[in-house]
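Remarks on the structure that follows.
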Amino acid sequence: MDKKYIFKSEEDTMAFGAEFAKELKAGDVIALTGDLGAGKTAMTRAVARGLGITSPVTSPTFTIVQEYEGGRLPLYHFDIYRVHDEDELFEIGFDDYLHGDGVCMIEWADLAEDLLPENTMNLRLSYGEGENERICEIC
C-alpha cells in the first residue's frame, strides 16, 4: 500500500521520523530515493532521533556507510551515490548489514535495487510546492 505525506518544514520531517521509527525492527531496510537535496539525509536524521540516537547524522557520501549506536536499535546509514561497482558494497559487508541487528537506511538505493531484500521499504522523497515543502511517498 502506498502512502503519501507532505512536510511543510523540517519539524514535520522530524515528527514523521519519530513516529516511523517506532515501528522499525532489527533487519528493516529502508530505500531512500529522490533528487539531490530532496531530504534523504534529513529523513535519516529524523529516524535516528526517533530511535533515540543523539549523535549528529551526516551524509556518508565519501565513506559509503556510517554506523550509529546508542538508540533502541543501531542505524546503518548508506549513501551509495558514488559506488560504481557492486563489489565495493560487498567489500564493506553490505549483505551483513542488510541482515544484521539494526536498521539500514540507504540513500540512492535505486542504484543497487537488485541487491536489496524483497521486503525493503521504499521512501521516495521529492520537492513540493514551497521552498521547504517535501513529499514523501512510502511503498
Side-chain angles (χ1 to χ4, degrees):
M1 171 189 268
D2 292 356
K3 293 182 182 180
K4 184 176 180 176
Y5 300 89
I6 297 175
F7 308 131
K8 302 281 187 185
S9 65
E10 190 167 346
E11 290 78 22
D12 289 350
T13 302
M14 295 303 283
F16 171 84
E19 287 301 310
F20 185 73
K22 288 179 182 178
E23 304 299 320
L24 295 175
K25 59 190 179 316
D28 280 345
V29 177
I30 297 104
L32 298 166
T33 59
D35 292 331
L36 189 65
K40 296 178 290 294
T41 300
M43 179 61 69
T44 302
R45 188 176 303 115
V47 170
R49 295 297 172 266
L51 289 171
I53 295 167
T54 58
S55 55
V57 173
T58 58
S59 179
T61 300
F62 296 103
T63 59
I64 302 176
V65 64
Q66 291 281 7
E67 297 182 21
Y68 298 99
E69 304 278 338
R72 182 174 64 81
L73 294 166
L75 176 65
Y76 308 120
H77 179 202
F78 291 84
D79 182 333
I80 60 173
Y81 184 75
R82 288 182 170 76
V83 172
H84 302 291
D85 187 315
E86 291 178 0
D87 288 341
E88 288 181 69
L89 292 174
F90 289 113
E91 287 173 14
I92 63 164
F94 187 65
D95 200 52
D96 293 332
Y97 283 107
L98 294 179
H99 301 96
D101 60 351
V103 173
C104 292
M105 294 192 74
I106 306 166
E107 295 190 31
W108 303 100
D110 48 328
L111 299 176
E113 61 188 338
D114 293 342
L115 302 177
L116 301 178
E118 188 176 307
N119 62 342
T120 297
M121 290 177 265
N122 295 291
L123 273 66
R124 170 121 181 101
L125 297 156
S126 58
Y127 292 99
E129 292 181 18
E131 182 180 331
N132 295 319
E133 187 176 284
R134 299 293 186 268
I135 299 166
C136 177
E137 297 174 87
I138 301 175
C139 51

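Numbers for residues simply follow the sequence, beginning at 1.
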Is there a chain of hydrophobic side chains (I, L, V, M, F, W, Y, each step under 4.5 Å between heavy atoms) that links [X] to [Y]?
X    : Y    : value
L123 : L116 : no
V103 : F94  : no
Y76  : V83  : yes
F7   : M105 : yes
V65  : W108 : yes

Would you check if [X] and [Y] make a side-chain contact, meaning some heavy-atom pair closer than 4.5 Å?
X    : Y    : result
L98  : T120 : no
R72  : L24  : yes
N132 : K8   : no
L89  : I64  : yes

So which atom in [X] and which in [Y] form the shortest heavy-atom distance, rounded to 0.1 Å?
X    : Y   : answer
R49  : V57 : NH1-CG2, 4.0 Å
C136 : M43 : SG-CE, 4.1 Å
L75  : A48 : CD2-CB, 3.6 Å
H84  : E88 : N-OE2, 2.9 Å
Y68  : S55 : CD2-OG, 3.5 Å

Next item on the list: Any chance you could lay out the side-chain hydrogen bond (donor to acceptor under 3.5 Å, both in side chains) test for E107 and T41, step after step, and finish with the verdict?
Entry: CA-CA 8 Å; E107 295 190 31; T41 300; 2.6 Å; yes

How many angstroms lie between [atom1] in [X] and [atom2] in [Y], if you round to the nearest 0.5 Å?
X    : Y    : atom1 : atom2 : result
F16  : I138 : CZ    : CD1   : 3.5 Å
L111 : I106 : CG    : CD1   : 11.0 Å
Q66  : S59  : CD    : OG    : 8.5 Å
F90  : D96  : CZ    : CG    : 10.5 Å
N119 : D28  : CG    : CG    : 7.0 Å
Y5   : L125 : OH    : CG    : 12.5 Å

Margin query: So does C139 get a backbone contact from the side chain of R124, meaning a donor-acceptor N/O pair under 3.5 Å?
Written below: no

Checklist line | Polar side-chain atom of K40 near backbone of A31 as donor-acceptor pair, under 3.5 Å | finding: no

Note to self: Does E137 form a side chain to side chain contact (heavy atoms under 4.5 Å, CB included) with D2? I'd like the steps, not just the answer.
What the structure shows: CA-CA 7 Å; E137 297 174 87; D2 292 356; over 6 Å; no

Margin query: A quick test of your reading: do over 12 heavy atoms of other residues, nucleotides or ligands sit less than 6.0 Å from CD of E129?
Written below: no

Next item on the list: Return yes when atom CD of E10 has more than 12 non-hydrogen atoms of other residues, nucleotides or ligands closer than 6.0 Å, and no otherwise.
Entry: no

Note to self: Which label fits Y97 and F78: parallel for a plane angle under 30°, tilted from 30 to 60°, or perpendicular past 60°?
What the structure shows: perpendicular

